[in-house]
Q: 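I'd like to ask some things about the structure below.
What you see below is based on every heavy atom in this structure, not just the backbone, and it leaves out hydrogens, waters and symmetry mates. Order of the sequence lines fixes the chain letters, A, B, ..., with proteins taken first and strands second; residue numbering starts at 1 for each chain.
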Amino acid sequence: MPELPEVEVICRGLVPNLVGRTITAAIFSHQKMRLPLPAQQLSAWITGRKIKAVRRVAKFIVLDMDSSACLVVHLGMTGRLNFFPAGTAPAKHDHARWLLDNGLELRFHDTRRFGSIQVLAPGENPAEVFGELGPDPFRPEFNADYLAGQARGRALPVKNLLMDNRVVTGIGNIYASEILHVSGVNPATPAGHLSLQQWQKIVTNSRLILKAAIACGGTTISDYVNSRGEKGYFQTRLQVYGREGEACPICQKPIKKVRLGGRASYYCPGCQPEPDERKIVKKRR
DNA sequence: ACTGGATCCTGACTGC
DNA sequence: TGCAGTCAGGATCCAG
C-alpha cells in the first residue's frame, strides 16, 4: 500500500531506465480500472514520445513527455511499476505495458485495480488530473500555523485530517499512525483540539518519519515492491502500526487498535492519552 | 459545511 | 477439503 515514501522510492528507481527513453508502443488489458483509460490521449501524447523526467506529485508518479503532456500513474493500494525484458509473457493483473527503445518494457500491475492511469494534456489544468491537493509534507507551506488553520473548529479525528489529501498529500494510514505515536497525540483527538505545539511536533515528525522511510526503501506490509521488485524494510521500524497487543517500544504499555473513519488505527494508551472533552474553538469565517 | 459510511476490487486468512 | 465470511485500504461518492 504505497504512501509518499514508497512512491518516492519507486520514482527514483524508474529514472535510470526511463529518462531519455522513447515509448515505442503500448499494450493495455481490457480490465476495468477505477478510472477509464484515456486511450485517445495516450496515443496522441504518450506513445512514440520521449520521456524527459520522472517525478512524484503527492502519491502520483508523473512522466513528463517531450510532447509537454504527462503520463500520470497512481498505484492505489496494490499497484506496481516494474521493468521486464520486452516480450516477457504478461502476468495476471498486468494492465498496461509500455515498450521502450532500450529493450525493456514498463509494466503497470495492479491486483485490486484501485490504481489509475491518466494523461495530463498540454495546457490542461493539473487539478483535472490530480484533484485538489494540499502541500507536500516537505514543503515549507506545511507548518503548524497552516495545520492549525485547517483544523480550526473541526471535530474530525486528527488522524483522518492528516490522511486528507486536500490538507496534506502523501500521508496514508500507516504513516499517520506512526507520526501521531511519535508526536504523543491520540489519533482520535478532534483536530480542532490540538495546540500549536502539538501541530509543530506533527510537522517535525512527519518529515523525520517520511525521510527515514524513504531511506529504508519504504514499508512492505504485504505486496509493495520498488521498481526493481525489491521490498522495503521500514516495516521493521514501525512502532505501532500492525502491533496490537505488543508492548509500546517507548513505555511498554500494550498497543491498542481502534477503527477511525473505517481505517485500522494503532496507538499507545500510555504515550497517546485519550482526548479530553474540551470544547472546540469555532472556526471564524 | 462537515462527517462517517459505503463503494470499488482481489487475495489471504479464519472459522465452521 | 471446501465454502462463506472478514479484512486490508486510497480515493470518491453520498446521505444525514
Side-chain angles (χ1 to χ4, degrees), chain A residues 1-8 10 29-37 56-62 72-81 91-96 108-118 126-134 136-137 147 149-179 187-193 210 213 218-225 231-232 235 238 240-245 257-266 275 279-285:
Chain A
M1 38 214 89
E3 299 183 31
L4 184 153
E6 292 75 34
V7 176
E8 181 68 33
I10 289 166
S29 79
H30 298 292
Q31 291 267 46
K32 192 186 156 202
M33 306 284 293
R34 187 165 58 83
L35 299 175
L37 209 65
R56 175 184 68 77
V57 174
K59 292 181 201 167
F60 296 94
I61 295 165
V62 179
V72 180
V73 177
H74 195 292
L75 300 176
M77 285 177 50
T78 53
R80 296 179 183 187
L81 281 174
K92 193 181 176 184
H93 307 305
D94 280 349
H95 300 300
F108 176 67
H109 177 103
D110 188 2
T111 309
R112 292 181 209 169
R113 303 208 299 272
F114 279 17
S116 64
I117 297 168
Q118 299 177 86
E128 294 288 326
V129 167
F130 299 121
E132 191 190 331
L133 292 179
D136 194 90
L147 284 174
Q150 289 291 317
R152 194 166 299 134
R154 299 187 67 180
L156 182 77
V158 57
K159 174 163 172 283
N160 299 45
L161 188 90
L162 287 179
M163 289 173 62
D164 187 339
N165 270 329
R166 292 165 298 184
V167 174
V168 53
T169 63
I171 299 177
N173 201 40
I174 297 173
Y175 295 109
S177 278
E178 293 299 311
I179 289 164
T189 313
H193 284 196
L210 296 172
T219 298
T220 298
I221 297 292
S222 57
D223 41 24
Y224 158 76
V225 290
K231 295 182 174 200
Q235 63 278 10
L238 296 177
V240 288
Y241 185 86
R243 299 194 185 277
E244 184 186 17
K257 177 182 178 180
V258 287
R259 287 191 86 79
L260 292 172
R263 299 283 180 264
S265 310
Y266 299 86
K279 286 213 171 66
I280 306 171
V281 182
K282 285 287 172 196
K283 195 175 202 168
R284 288 212 195 98
R285 320 173 23 105

Q: Roughly, in whole Å, what's the span from CZ in R112(A) to P in dG10(C)?
A: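 So the two atoms are 10 Å apart, to the nearest Å.
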Q: What is the separation between atom CG on L161(A) and atom C1' on dC2(B), rounded to the nearest whole Å?
A: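 Atom CG in L161(A) sits about 12 Å away from atom C1' in dC2(B).
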Q: Quick one: bend of the helix from dC2(B)-dG16(C) to dC16(B)-dG2(C) from 5 pairs per end, to 10°?
A: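 For the helix from dC2(B)-dG16(C) to dC16(B)-dG2(C), the axes at opposite ends meet at about 60°.
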Q: With salt bridge (Lys or Arg N to Asp or Glu O under 4.0 Å) as the rule and sequence neighbours excluded, what pairs involving residues 163-174 of chain A come up?
A: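 Every pair satisfying salt bridge (Lys or Arg N to Asp or Glu O under 4.0 Å) with a residue in residues 163-174 of chain A: D164(A)-R166(A).
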Q: Not counting sequence neighbours, which residues clear salt bridge (charged side-chain N to carboxylate O under 4.0 Å, His left out) with R113(A)? List them please.
A: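 For R113(A), no residue satisfies salt bridge (charged side-chain N to carboxylate O under 4.0 Å, His left out) once neighbours in sequence are set aside.
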Q: What's the closest nucleotide to the K92(A) side chain, out of dG4(B), dG11(B), dC9(B)?
A: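 Nearest to the side-chain atoms of K92(A), counting from C-beta on, is dG11(B).
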Q: I want to verify a distance call: between dG10(C), dT3(B), dG11(B), whose nearest atom is closest to the R154(A) side chain?
A: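 Taking heavy atoms from C-beta onward, the closest nucleotide is dT3(B).
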Q: Would you indicate which nucleotide in dT10(B), dT3(B), dG10(C) comes nearest to any side-chain atom of L156(A)?
A: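 That would be dT3(B).
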Q: What contact category does R166(A) fall into here, base, sugar-phosphate, or nothing, at under 4.0 angstrom with non-hydrogen atoms?
A: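 Contact class for R166(A): none.
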Q: Got a sec, which residues hit ring-ring contact (aromatic ring centres under 6.0 Å, His included) with F60(A), two or more places apart in sequence or on another chain?
A: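 Partners of F60(A) under the ring-ring contact (aromatic ring centres under 6.0 Å, His included) test: H74(A), F130(A).
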Q: Strictly under 3.5 Å: I want the nitrogen or oxygen pairs between protein and nucleotides 11-15 of chain C, one per line.
A:
from	atom 1	to	atom 2	distance (Å)
dA11(C)	OP1	H74(A)	NE2	2.5
dA11(C)	OP1	N165(A)	ND2	3.4
dA11(C)	OP2	K59(A)	NZ	3.3
dA11(C)	OP2	N165(A)	ND2	2.8
dA11(C)	N6	R263(A)	NH2	3.0

Q: Name the one of H93(A), M77(A), R34(A) that satisfies side-chain contact (heavy atoms from CB on, under 4.5 Å) with R112(A)?
A: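 For R112(A), the side-chain contact (heavy atoms from CB on, under 4.5 Å) check succeeds only for M77(A).
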Q: How would you list, by chain and number, every residue that makes a side-chain hydrogen bond (donor to acceptor under 3.5 Å, both in side chains) with K59(A), sequence neighbours excluded?
A: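 Per chain and number, K59(A) pairs via side-chain hydrogen bond (donor to acceptor under 3.5 Å, both in side chains) with no residue.
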Q: Taking the side chain of R113(A) as heavy atoms from C-beta outward, which of dG10(C), dG11(B), dC9(B) is closest to it?
A: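 Closest of the options to the side chain of R113(A): dC9(B).
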